[in-house]
Amino acid sequence: MLDIQLLRSDLEGVATRLATRGFVLDTARFHELEVQRKAIQIRTQELQSRRNSSSKLIGQAKAKGEDTSVIMAEVVLVGEELKKIEVQLIDLQDELQVMLEGLPNMPHGSVPVGASEADNQEMRRIGNVPVFDFAVKDHVELGEALGGLDFETAARISGARFSVLKGGLARLHRALAQFMLDTHTDQHGYTEVYVPYLVNAASMRGTGQLPKFEEDLFRVPRQMGEGGEQNFYLIPTAEVPVTNMVRDEIVPLEQLPLKFVAHTPCFRSEAGSAGRDTRGMIRQHQFDKVELVQMVHPDESCAALEQLLGHAETILQKLGLHYRVVRLCTGDIGFSSAITYDIEVWLPAQDTYREISSCSSFEAFQARRMQARFRNSAGKPELLHTLNGSGLAVGRTLVAVLENYQLADGSIVIPDVLRPYMGGMEKLTR
RNA sequence: GGAGAGGUGGCAGAGUGGUCGAAUGUACCUGACUCGAAAUCAGGCGUAGGUAUAUGCCUACCGUGGGUUCGAAUCCCACCCUCUCCGCCA
């Protein structure tokens with residue numbers, strides 16, 4: 001959420017910056033609502049003030065045993081007008097709130113201006129494109145031939161966009177997650193957390209998935225007492241539960257930065273991506289991810305993003321996978337993000353780079369929605385900056401390992417760093 | 001699932017219809033005492049919003065949402081959450 005004070009003081013400036021990401025801010029409507037809000041709020045507060053002081057007088061008069069009928073008749077009139085005008089004020093404030101929650105974050109000044117993916121900037125390529133002296137197979141072919149990847153059974157159990165892993169492949173998947181967690185906790189200073197996979201609407205609102213992106217989520221209806229209904233939502237990323245750990249909290253300054261890592265499944269409805277990436281494990285309703293989350297002092301968020309990106313890159317480097325880092329342009333960054341870097345890993349069967357991590361700084365956008373604050377050096381509560389990034393998407397990393405480490409006979413060499421997690425196994429064969 | 005207790009400021013904890021935005025303690029800040037510190041004493045110290053720039057005034061906020069009332073932290077209703085005991089259970 002953007003700071004409404006900023007919209008009030010520099011509406012055109014905000015509109016200009018949002019325009020760089022293709023968002024049209026209805027400045028006329030906002031201005032109109034603000035004018036109305038101002039007038040009605042002033043009137044409401046005036047009436048409230050009169051009611052309060054009259055009521056106080058009634059109390060004093062009654063204490064002295066004086067007659068209060070005149071003043072009480074007066075304050076009843078005030079009360080009647082108040083009732084009407086308060087409804088108007090609430091409606092206006094609701095409409096402003098809806099508008100405000102629908103506004104995306106403003107891109108950081110360093111983000112290249114562009115309309116789409118095509119305008120993203122490649123920052124660097126690390127490692128080399130592997131060369132094969134045989135025709136490479138994709139991960140589906142490799143996995144099925146190894147007897148460890150089974151989409152048919154998954155379809156029977158659940159449907160499309162699910163997978164079943166077996167034997168060595170299931171273990172390799174687990175090894176990857178363990179390796180990532182250990183690296184981030186032992187070498188990068190993150191605290192491992194285990195968190196709920198079902199969260200409430202307030203948490204989804206806090207990180208920005210709600211109210212705008214409900215169709216991307218799996219909702220789990222939940223009957224509460226006496227006709228009350230509250231939904232749970234399956235997390236689309238660990239970002240949601242982990243970032244919301246500080247919702248409505250005031251973190252002591254000396255505890256910053258907070259750095260958490262979590263390995264969780266992620267659930268996405270993939271509405272709107274029908275027909276895309278239907279083959280294989282690239283785009284699934286359920287996948288595992290190791291997520292890095294930081295809550296930092298506002299002065300530190302840019303540096304923290306570079307560090308966090310480096311932490312994610314370390315995993316790929318240790319696995320010996322070729323990748324590139326892309327800086328997303330204003331037209332391609334996510335709704336809540338101020339800056340985003342994508343890491344794309346090389347997939348030889350597709351002869352292309354595919355996103356395997358997305359690292360973002362949200363500045364105060366999520367913190368403002370969550371009321372996640374710290375106590376600054378002056379002793380005043382101030383909004384935190386939040387960041388997160390995949391470190392990495394486990395399913396896609398498995399795909400990358402299979403495709404990049406395949407041999408001519410369809411077996412897979414286990415990367416050195418994973419062997420301790422594989423009982424010393426060097427090669428995955430049928 | 002059953003029974004009971006409770007949710008108040010950074011923390012602890014009073015407060016059962018009017019001078020309560022809220023005692024008290026503690027933490028924190030400032031000052032005094034001191035060579036300095038501790039102790040002690042004095043003062044200050046919630047969040048958000050409006051107005052607009054005045055050390056100003058006003059409004060809202062005591063788990064959440066409704067209601068009663070001229071007036072609600074306080075009374076009524078519903079819900080959520082926490083704790084204790086019993087039952088069940090991985």
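Numbered from 1 within each chain, the chains take letters A, B, ... in sequence-line order. No experiment lies behind these values; they were computed from the predicted model shown.
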With a 4.0 Å cut-off, would you call Asp216(A) and Arg268(A) a salt bridge?
no
Distance, P atom - from U74(B) to G2(B), rounded to whole angstrom:
27 Å
Any strand is fair game: report the nucleotide pairing with U82(B) by Watson-Crick or G-U wobble, both distances under 3.5 Å, or none.
A5(B)
Go through C70(B), U47(B), U19(B) for me and flag the one nearest to the Ile58(A) side chain.
C70(B)
Can you check the distance between U64(B) and G7(B), where both ends of the measurement are the P atom (answer in whole Å)?
13 Å
At less than 4.0 Å, is any side-chain N or O atom of Ser55(A) found next to OP1 or OP2 of G18(B)? Yes or no.
no
Watson-Crick or G-U wobble mate for C57(B), both contacts under 3.5 Å
G50(B)
So if I take every side-chain heavy atom of Met72(A) and compare against G10(B), U47(B), C70(B), which nucleotide ends up nearest?
C70(B)
Looking only at side-chain N and O atoms, does Arg51(A) come under 4.0 Å of OP1 or OP2 in A60(B)?
yes
Side chain of Gln48(A) - closest among U51(B), U47(B), A60(B):
A60(B)
Contact class for Gln5(A) vs. all strands (heavy atom < 4.0 Å): base, sugar-phosphate, or nothing?
sugar-phosphate
So, does Lys62(A) get its side chain near the phosphate of C70(B), meaning an N or O under 4.0 Å from OP1 or OP2?
no
Compare side-chain N and O positions of Asn52(A) against OP1 and OP2 of C58(B) and report whether any pair is under 4.0 Å apart.
no
Rounded C1' spacing from G87(B) to C81(B) in Å
22 Å
For nucleotides G13(B) and G18(B), find the distance between their P atoms and express it as a whole number of Å.
25 Å
Measure from the side chain of Ser49(A), starting at C-beta and using heavy atoms only, and say which of C80(B), C70(B), C58(B) lies closest.
C58(B)
Is a donor-acceptor pair below 3.5 Å formed from side chain Gln45(A) to base G49(B), judging by atom type as modelled?
yes
Going by atom types alone, do Glu270(A) and Ser273(A) pair a side-chain donor with an acceptor below 3.5 Å?
yes
Roughly how many Å apart are A52(B) and A42(B), using the P atom of each and rounding to a whole number?
42 Å
Using a 4.0 Å heavy-atom cut-off across all strands, classify Arg43(A) as base, sugar-phosphate, or nothing.
nothing
SB check Lys83(A) Glu80(A) (cutoff 4.0 Å)
no
Any side-chain donor paired with an acceptor under 3.5 Å for Tyr190(A) and His311(A)?
yes
Mind checking if Ser54(A) touches a base, just sugar-phosphate, or nothing, with heavy atoms under 4.0 Å?
nothing
Using atom P of each nucleotide, how far apart are U40(B) and A54(B) to the nearest Å?
41 Å
Just call it for Pro252(A): base, sugar-phosphate, or nothing, with non-hydrogen atoms closer than 4.0 Å on any strand.
nothing
G49(B) C1' sits how many Å from Leu7(A) CG, rounded?
16 Å
Would you please indicate yes or no on a ring centroid separation below 6.0 angstrom for Phe362(A) and His385(A)?
no
Length of the CG-C1' vector between Leu57(A) and C70(B), whole Å
11 Å
Phosphate-side-chain proximity, Lys38(A) and U51(B), N/O vs OP1/OP2 below 4.0 Å
yes
Distance between the C1' atoms of A72(B) and A60(B), in whole angstroms?
14 Å
Under 4.0 Å, counting only non-hydrogen atoms across every strand here, what does Arg37(A) touch: a base, just sugar-phosphate, or nothing?
sugar-phosphate
Take atom P in A78(B) and the same atom in C83(B), then report the distance between them in whole Å.
23 Å
Within a strict 4.5 Å, meaning less than it, do heavy atoms of the Met295(A) and Phe260(A) side chains meet?
yes
